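Everything quoted here is computed from the prediction, not taken from an experiment.
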Amino acid sequence: MLESTSTIDSKSQMPTPAAFLKDGGSAAPSPSAQATGQEAAPSLRMAIVSPCYNEQAVLPLSIPRLLALLSELEQIHGCSGDSYVLLIDDGSRDLTWPLIKAAAEAHPGKIRGLRLARNAGHQYALLAGLEYVTNRCDAVISIDADLQDDLDALPKMIAAHRAGAEIVLGVKESRTVDPAMKKVTAAAFYKLMKLMGVNLVENHADCRLLSARALTNLAQFPERLLFLRGLQPLVHGRIATVHYHLSPRLAGESKYPLKKMLSLAWNGITSFSTVPLRLISWTGAIVCAISVVFAGVALVRTVLGQTLPGWASITVPLYLLGGLLMLSIGVVGEYVGKIFVEVKQRPRFLVDEVADDLLP
């Protein structure tokens with residue numbers, strides 16, 4: 001594993017919110033390679049993909065920073081001048097799409113927009129962006145629009161890719177800015193996934209670099225119920241990690257409440273683990289063994305004339321077994337439901353509008 005650590009300076013100067021509507025924003029061409037005696041690394045056409053849902057408060061802050069990052073990648077880190085940022089509007093109900101469209105018009109070729117027909121969910125919005133950039137870049141980095149992920153880590157992810165990694169995962173080294181509840185639930189989530197046999201990198205969310213080869217491999221996974229974090233080890237074996245510190249949200253509020261986090265966890269478990277089904281079998285075997293023991297005890301008591309009348313000895317086992325049966329049927333039903341969704345082969349997302357789609 002390739003690892004590096006980066007921190008972000010919270011006091012660094014940030015462009016004004018209206019900057020992306022005024023300035024040209026196009027990065028200057030990369031300086032020509034100096035005579036150092038070494039062959040310059042080939043330039044990479046990078047795409048930065050960011051799903052957005054009701055992010056009108058944060059986009060005027062994040063778009064200038066992404067444009068500045070793009071310029072830095074082109075001028076300093078060997079990325080080509082046709083690199084770009086793709087913003088995906090996941091069926092927002094505010095001014096997210098008008099802001100994206102205005103940015104795309106102000107910075108043609110640098111900012112592109114994708115609008116989904118309805119709110120499909122974060123994972124599907126991200127997938128829509130990844131499918132769009134497939135065959136349109138040499139590598140893509142996905143990052144959330146709130147820019148809590150450290151932008152200084154992105155050049156290090158590109159360096160890890162140049163060193164041979166096809167997938168580079170951004171790993172949160174600290175979560176000091178997260179609420180206490182989120183820290184607890186995140187720690188419990190990764191422990192539960194490990195217990196269930198799901199191969200995940202702890203504290204990695206959706207900040208990652210995928211090479212063009214990894215994107216091509218990902219396109220061969222057609223499942224409708226997505227858990228992208230679990231797919232990475234299947235997409236390619238050459239995986240590196242880059243560690244960074246989480247930053248405070250620029251504006252707005254988190255779009256991942258506890259309900260969505262629990263849903264994501266359950267989807268990840270049922271998509272990559274059959275342990276819940278095995279637990280049903282194990283529970284059934286244990287209950288069956290206990291029942292045989294109780295039956296033997298009852299028989300001995302009957303022979304010895306020590307039978308005690310009472311409804312508790314009947315009611316409690318009935319409720320216990322009934323509850324176990326209902327729970328077991330529910331778990332099995334969850335897997336059957338996933339099969340039902342998959343066999344229908346419905347579209348995972350529908351694109352409503354594309355901004356700046358005339359460029360290759």
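- In summary, the side chains of Asp149 and Tyr244 do present a donor paired with an acceptor at a separation below 3.5 Å, with no hydrogens or angles considered.
- The backbone N or O of Gly170 lies less than 3.5 Å from a partner atom in the side chain of His204, making a donor-acceptor pair.
- For Arg115, the salt bridge (Lys or Arg N to Asp or Glu O under 4.0 Å) partners at least two apart in sequence or on another chain are Asp89, Glu353.
- Rounding to the nearest 0.5 angstrom, the gap separating the CE atom in Met157 from the CG atom in Leu154 is 6.0 Å.
- Between Ile141 and Val168, the closest side-chain pair of non-hydrogen atoms is not below 4.5 Å.
- Criterion: ILVMFWY side-chain heavy atoms under 4.5 Å apart, direct or through other members. Under it, Val336 and Ile329 are not part of a common hydrophobic cluster.
- Leu116 places none of its side-chain heavy atoms less than 4.5 Å from the side chain of Asn119.
- For Asp144, the side-chain hydrogen bond (donor to acceptor under 3.5 Å, both in side chains) partners at least two apart in sequence or on another chain are His122.
- Note: Arg45 CZ to Asp82 CG = 4.5 Å, rounded to the nearest 0.5 Å.
- In this structure, His107 contributes its side chain and Ile111 its backbone to no donor-acceptor pair below 3.5 Å.
- Taking every heavy atom of both residues into account, Ser43 and Asp138 meet most closely at O-OD2, 4.0 Å.
- Side-chain contact check for Arg229 versus Arg208: some heavy-atom pair is nearer than 4.5 Å.
- The two residues Leu99 and Pro60 come nearest to each other via the heavy atoms CD1-CD, 4.1 Å.
- Considering every non-hydrogen atom in both Tyr53 and Gly91, the closest pair reads CE1-O, 3.7 Å.
- Residue Leu66 holds its CG atom at 7.0 Å from CG of Leu87, rounded to the nearest 0.5 Å.
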Evaluation steps, side-chain contact (heavy atoms from CB on, under 4.5 Å), between Gln232 and Leu169: CA-CA 9 Å; Gln232 288 152 177; Leu169 308 179; 3.5 Å; yes

Steps toward side-chain contact (heavy atoms from CB on, under 4.5 Å) verdict (Leu209, Val140): CA-CA 6 Å; Leu209 179 148; Val140 58; over 6 Å; no

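- Within the 4.5 Å cutoff, the side chain of Leu86 has heavy atoms near those of the Tyr132 side chain.
- Taken from CG in Leu70 to OG in Ser83, the straight-line distance is 5.5 Å, to the nearest 0.5 Å.
- Residue Leu350 is not grouped with residue Leu130 when hydrophobic side chains (ILVMFWY) are merged at heavy-atom distances under 4.5 angstrom, including chains of intermediate members.
- Summarising the geometry, atom CG belonging to Leu59 is positioned 11.5 Å from atom CH2 belonging to Trp97; distances are rounded to the nearest 0.5 Å.
- Contact detail for Leu126 and Ser142: the closest heavy-atom pair is CD1-CB, 3.5 Å.
- Taking every heavy atom of both residues into account, Cys137 and Ala212 meet most closely at O-CB, 3.8 Å.
- Counting heavy atoms from C-beta outward, Ser50 and Ile88 have side chains that stay 4.5 Å or more apart.
- For Ala214, the side chain to side chain contact (heavy atoms under 4.5 Å, CB included) partners are Ile167, Leu210, Ser211, Val235, not counting sequence neighbours.
- Cation-pi contact between Arg348 and Tyr124: absent, since separation from the ring centre below 6.0 Å together with deviation from the ring axis within 45° is not met.
- Remark: side-chain polar atoms of Thr96 are paired, donor with acceptor, to backbone N or O of Glu55 under 3.5 angstrom.
- Lys156 NZ to Asp150 CG: the interatomic distance, rounded to the nearest 0.5 Å, is 8.0 Å.
- In the hydrophobic clustering of this structure, Tyr335 groups with Val332; members are Ile, Leu, Val, Met, Phe, Trp, Tyr whose side-chain heavy atoms approach within less than 4.5 Å, directly or through other members.
- Here salt bridge (Lys or Arg N to Asp or Glu O under 4.0 Å) pairs that include residues 320-333, with residues two or more places apart or in two chains, number zero.
- Looking at heavy atoms from C-beta onward, Lys110 lies out of side-chain contact with Val85 at the 4.5 angstrom threshold.
- Here the side chains of Val171 and Val201 are in contact, with some heavy-atom distance below 4.5 Å.
- Side-chain atoms of Asp90 come within 3.5 Å of backbone atoms of Gly121 as a donor-acceptor pair (strictly under, hydrogens ignored).
- Between Tyr84 and Arg136, the side chains place no donor N or O within less than 3.5 Å of an acceptor N or O (distance only, hydrogens not considered).
- Between Arg65 and Glu72, none of the side-chain N atoms (NZ, or NE/NH1/NH2) sits under 4.0 Å from a carboxylate O, so this pair counts as no salt bridge.
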Residue pair Cys79, Ile158: steps toward the side-chain contact (heavy atoms from CB on, under 4.5 Å) verdict: CA-CA 9 Å; Cys79 295; Ile158 294 173; 3.9 Å; yes

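- In terms of heavy-atom proximity, Ala165 sits nearest to Ala240 at CB-CB, 3.7 Å.
- Here the side chains of Pro98 and Leu95 are in contact, with some heavy-atom distance below 4.5 Å.
- With sequence neighbours excluded, no residue forms a salt bridge (Lys or Arg N to Asp or Glu O under 4.0 Å) with Asp352.
- Checked against side chain to side chain contact (heavy atoms under 4.5 Å, CB included), Arg238 has the following partners two or more places apart in sequence or in another chain: Glu166, Arg213, His236.
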